[in-house]
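Working notes for the structure below.
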Amino acid sequence: MSTTLAEPLDPALLGPSTEVHARSIDRFARAHDASHYLLIPDAVLSPADATGVARVFGAVKAAGRTLTFRSGGTSLSGQGVSGDILVDTRSHFRDVAVSDDGASVRVGPGATVRQVNTRLTRFGRKLGPDPASEIACTIGGVVANNSSGMACGIVENSYRTIQSMLLVLPSGTILDTAAPDANELLLSEEPAIAEGLLALRERLLASPENVAFVRQQFSMKNTMGYGLNALLDFDDPVGILEHLVIGSEGTLAFVAEARFRTIEVRPAIATGLLVFETLSDAMAALPALTELGLATIELLDASSLRVAQGLSDVPAAIAAIDVRQHAALLVEVHAPNSGALAEDAANALAHFTTLPLAVAPSLTTDAAERAALWHVRKGLYTAIAGARPSGTTALLEDIVVPVGRLLATCERLIELFAEHAYEGSVIFGHAKDGNIHFLLNERFDDPASVERYRRFTDDLVELVLGHGGSLKAEHGTGRIMAPFVRRQYGDELTDMMWEIKRLIDPAGILNPGVVLSDDADSYLHDLKRVPTVEKEVDRCVECGYCEPTCPSKSLTLTPRQRIVLRRDMAWAEDQGETALLAELRADYDYDGVQTCAVDGMCAVACPVDINTGDLVRRLRSEQASKIEDGVWDAAAQGWGAITRVGGLALTVAGALPAPLVTGVTKIGRAVLGADTVPLYDGGLPRGGSKAPSASTPADAAAVFFGACIGTMFGTEGHGEGSRDAVMTVLSRAGIPFVVPEDTGGLCCGTPWKSKGHLSGYDRMTKRTLAALWSASRQGTLPVVCDAASCTEGLHVMLAQALEDHPEYAGLVIEDATTYLAREALPRLNVSEKLDRIAVHPSCSTTALGATGALTAIASAVAEDVYVPDGWGCCAFAGDRGMLHPELTASATETEAAELRDAEDQGAFDAFVSANRTCEIGMTRATGRPYRHVVEVLEELTRP
């Protein structure tokens, strides 16, 4: 891992709109992607627009340097890493514009597939490419790799659905391929490219043998080398150029904008798992299944089924199998409506009954059952990569062969696993496309292991090419297969690829060593080492799925970056790089620890179930002084009085001039630290209301746990807050409830846990759960909490206490939104609905599965419910938004802007969420008075 800095680029050539990130923490954090390669860039640049990229090209060329584009970092083949200049395309270029009622969409390369599809959902449309990493992979990567996925095959990928692009060529020329005179502009500005591409087309057409081979290679999924099929499919230089850029992995041009033809969503879906006695039986059934028009046919080999049997929610049909040589096909039928689905599903089932199956076939439309089946398929990566030995890297590889050769390929691949002693490897993938994935665990800090990897790769290349396949189906050539392009295509076609590279990028500034390489061993260079760090995060495979949901992603670091920097610090310490280690540690405190919201959204997205907040909480615990820990332990003993004093202080502060109070807290922060003293400002509400008095009606149907934040923080000038609103709604619905003794002194423990004060957390856990166990009459009554984050905190508290108190397993804790939507709404009458309401789901409603209940209550009180597409965690995170208001400002920027745009289409009558601190955060961000949705429900159901 090189850490040597080269001379910086000329700032005058870069221009003012390009950010330069040269700190070690910035360079190392952005160096890691999902591949098994690692290079540390000398600098990271973030241009803001196409003109900025053109200037970057000029500066890099003038300095004799090279550059690599980096966006979502989900690529598996090493195409997004660089030891020179790394160009970040995710910080900007995020615009999404839908047109023609969703039939077309214009997208910046920094937007993720999920973000685009979320915008298209309301039109019943989606993007054609459907990669499994859609939560994190960006449009720039999807186009650069010609990504496909579960269902799109080769008919709905980027190559087939791109309408036009805005390209920045290495010379700095900016070309809009949609322009009516695009070909004339290309010929005028770049005559060598325009004429050279047409000459290459003529040369290829002159060889029927080569034409036939190219047609055969691209009749299947194929991301190996450049897409020479563009020379056959298009006869104008712009059409050829833009389709060569697709799949070129950032080696030919920068795509500043892509315009796609979208695909109609077929929302009626039925899913089933076909289990066969042998892999041979499954492969024999494949051609006829493909002819049925099934949307997906996913293969799971015998090893996959054995792994699946260890999953917590494995379907009974798999759990009961005595797996020997079995194989399974996960199939789906998609239809435009339920009527068409019933007909298509019946036809499919009629065919399934003719197959030699080990388990009776069925198709289900039940969401939970479908999710369980897909968890079998998607859980393979989690189960194997997450359980890999510490210090190893998970390699997820993909190949493709003609479907008729798939059985022989899989059988030989299984033999190769055994011959090379790769244990626990599984084969799965897109059977109808002849495209399979397999997973290996390998360590690259051992020469013997690297040599084993070399031998396995040689055997794999021989196997795939021997069956007329491609060494890369959808993950891109990258660094991993660049040396083998010539083996796959032969000299003449490979030389044409090199000519394309030199024609468009004559100075060779774009992504050297990717797609094409003349070094036969280049795939063995710069291999990633994964030193053991902390148990909380050692399972991390650096995939980046966590990043789009992270509140601090645009301010400091993402969860992946927090983890990889711990690995980099361990590496630096091992190498004796003391200066580097000191610099990384110094910057990590703010970037990695203090600005983490510990909201748990990373765990929701993580394929190996890592909550990076667990690491951060432990680091905070290690940093906390004994005095501070003792103060918080004492606070746990007298929490009721402290919350009352805190609420009173806010009320008093609210009566004073805001600049005076802010000035006092700024002095305190300067003396005691910004991570100790919260910053007061005029946007904070007054103090809240007194905690409710205990009550124990004999006919109680629930326990009401009023969150202590209701005492600390009052409302935005409406009513008495969510605690009183929930109690009123319960009473109005005829639902009697218990209020625990000393409820004001109880807490979910989040203030202690998030700061790492474990002794105080332990004390509060014991007192709170004992009180709830008693109040719930030993678990016979559900506990209902009025603040979603506190409900989640109680869930975490309960889960951790079960080892010592297994009897607490009977406790049922629900968020008020979930309980009231189910139990109270049917008993209430809304007097008159509001016209329009804006809803902010929270990280806690997401983790609890309560967002549906939140929007259900909103729908009960308003005709039009608006949930911003770009909503995310507000990062107020208890007091984190007061300690670091810049974190909340950054986290809410996108949602606040979207809300402002939505208000241009019509005013909102209310702004709601399900947690007081989140409401404060959103009020700060938008200037609109956010309240708990139950407060609005209470007002509109008054007699």
Under the side-chain contact (heavy atoms from CB on, under 4.5 Å) test, which residues partner C748, sequence neighbours left out?
T750, C790, L794
What pairs with F260 under ring pair (Phe, Tyr, Trp, His ring centres under 6.0 Å), at least two apart in sequence or on another chain?
none
The complete set of side chain to side chain donor-acceptor pair (under 3.5 Å) pairs with one or both residues in residues 887-897, sequence neighbours excluded, reads H840-E895
Residue pairs involving residues 828-839 (criterion side chain to side chain donor-acceptor pair (under 3.5 Å); sequence neighbours excluded)
R836-D864
Taking only residues two or more places apart in sequence or in another chain, which ones pass side-chain contact (heavy atoms from CB on, under 4.5 Å) with P548?
T112, A136
Determine the minimum heavy-atom distance between V333 and A345, stating which atoms define it.
CG1-N, 4.3 Å
Any pair counted as ring pair (Phe, Tyr, Trp, His ring centres under 6.0 Å), so long as it reaches residues 903-943, sequence neighbours left out:
Y866-F908, F908-F911, F911-Y930
Contacts of D101 meeting side-chain contact (heavy atoms from CB on, under 4.5 Å) (sequence neighbours excluded), chain-then-number -> none
Shortest non-hydrogen pair, V933 vs A858, comes out as CG2-N, 4.0 Å
Among residues at least two apart in sequence or on other chains, which ones pass ring pair (Phe, Tyr, Trp, His ring centres under 6.0 Å) with W773?
Y808
Among residues two or more places apart or on two chains, list those pairs meeting side chain to side chain donor-acceptor pair (under 3.5 Å) that have a residue in residues 127-139.
S71-T138, R114-E134
Test of understanding: with side-chain contact (heavy atoms from CB on, under 4.5 Å), list the residues that count as partners of V784, not counting sequence neighbours.
A702, A816, Y819
I want to check something: taking the side chain as every heavy atom from C-beta on, are V142 and P129 in contact at a cut-off of under 4.5 Å?
yes
Using the test side chain to side chain donor-acceptor pair (under 3.5 Å), find all partners of R259 that sit at least two apart in sequence or belong to another chain.
S164, D176, E257
Residues passing the side chain to side chain donor-acceptor pair (under 3.5 Å) test with E938, sequence neighbours excluded, are R732, R942
Taking all non-hydrogen atoms of both residues, which atom of I139 and which atom of V107 are closest, and how far apart?
CG1-CG1, 3.3 Å
